[in-house]
Amino acid sequence: MFSLAAFVSLMCLASLSCLHEVHAQPLVQKESPSASKLAIVWTSSDPEVAHRMVLIYAHAAKKAKWFDEVRLIVWGPSSRLLAADKDLQSKIQDMKKDGVFLQACVVCADSYGVADRLRELGLEVKGMGKPLSDLIKDPETHVLTF
C-alpha cells in the first residue's frame, strides 16, 4: 500500500516525464494559408530599442511583404518617447506612408499627456485592451512585444 507522499511523488515524476516528452518535440509553426498579420506592441522607452529594432523591423516587414498587414501599437513609455523624438516621428511618418497601421493606447498616452501629439502624428489613439486581446486570439496574427 502506498502512502499519500509516495503517491504524490509518483504523480510528480509522471508529470515531469510527460512534460519532457511534450517539450522534447521541436516546435513547428504551420503556415497559415490565408493572410498573415503582424502586430508589434512597443512599450520600451529605450530609444536604442526603438531606433535599432522596433521601427526598423516593423517597417521592413511591411515593405518586404513578409506579412500582409503590419500594425505598430505604441503602449506605455514608448508613447512619451515617440512624442518627444523627432527622428522617431520621421520614421513613423515613412512607415505610415508605406502602409503600416499605427495605433496607441489612449490610457497610457493620456497619462503621459501626449495623446493629442500622437494623434497629430497620425496614430489612431484609443483603448487598446480589447483590440490587443482580439489580436492575440487571432490565429492569423503574430504578436511581438518590445
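- Distance check: Q103 CD to L118 CG gives 12.5 Å after rounding to the nearest 0.5 Å.
- Distance check, rounded to the nearest 0.5 Å: CZ of F67 to OG1 of T141 gives 9.5 Å.
- Cluster annotation: M128 and L121 are assigned to distinct hydrophobic clusters (Ile/Leu/Val/Met/Phe/Trp/Tyr, side-chain heavy-atom contacts under 4.5 Å, transitive).
- Expressed to the nearest 0.5 Å, how far CD1 of I73 lies from CG of L102 amounts to 10.5 Å.
- Here H59 contributes atom NE2 and I40 contributes atom CD1; the two are 11.5 Å apart, rounded to the nearest 0.5 Å.
- Two residues are said to be in side-chain contact when any heavy atoms from C-beta on lie closer than 4.5 Å; V106 and R119 meet this criterion.
- Taking hydrophobic clusters as Ile, Leu, Val, Met, Phe, Trp and Tyr residues chained together by side-chain heavy-atom distances below 4.5 Å, L132 does not share a cluster with F101.
- Shown here for K96 and G122, the closest heavy-atom pair between the two residues is NZ-O, 2.9 Å.
- Between S45 and L81 the shortest heavy-atom distance is O-CD2, 3.5 Å.
- Here K91 does not pair with D94 in a salt bridge; the nearest charged N to carboxylate O distance is not below 4.0 Å.
- I56 and V74 are assigned to two separate hydrophobic clusters, defined by single-linkage of ILVMFWY side chains at heavy-atom distances under 4.5 Å.
- V143 and L55 fall into different hydrophobic clusters, where Ile, Leu, Val, Met, Phe, Trp and Tyr side chains are chained together by heavy-atom contacts under 4.5 Å.
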Task: side-chain contact (heavy atoms from CB on, under 4.5 Å) between L82 and Q89, intermediate numbers included - done: CA-CA 6 Å; L82 179 58; Q89 293 169 14; 4.2 Å; yes
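- Nearest heavy-atom pair, A115 versus D110, reported as atom, atom and distance to 0.1 Å: CB-OD1, 3.2 Å.
- Between D134 and K130, at least one side-chain N (NZ, or NE/NH1/NH2) sits under 4.0 Å from a carboxylate O, which counts as a salt bridge.
- S79 approaches V114 most closely through the heavy-atom pair O-CG2, 3.8 Å.
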**Study point:** Check against side-chain contact (heavy atoms from CB on, under 4.5 Å), L135 and V41
**Key:** CA-CA 11 Å; L135 291 168; V41 182; over 6 Å; no
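- Under the 4.5 Å side-chain contact rule for hydrophobic residues, L88 and V100 share a cluster.
- Applying the 6.0 Å contact sphere to CZ of R52 captures no more than 12 heavy atoms from other residues, nucleotides or ligands.
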*Apply side-chain contact (heavy atoms from CB on, under 4.5 Å) to the pair K37 and R71, showing each step before the final yes or no.*
CA-CA 8 Å; K37 302 174 189 175; R71 175 182 316 268; over 6 Å; no
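- At distances below 3.5 Å, not a single donor-acceptor pair connects side-chain atoms of S90 with backbone N or O atoms of K86.
- Counting all heavy atoms, side chain and backbone alike, S78 lies closest to S44 at CB-O, 3.4 Å.
- Listed here is the closest heavy atom pair of W66 and S36: O-OG, 4.0 Å.
- No side-chain donor-acceptor contact under 3.5 Å links K62 to the backbone of D98.
- With a 4.5 Å cut-off on side-chain heavy atoms, D85 and H51 count as touching.
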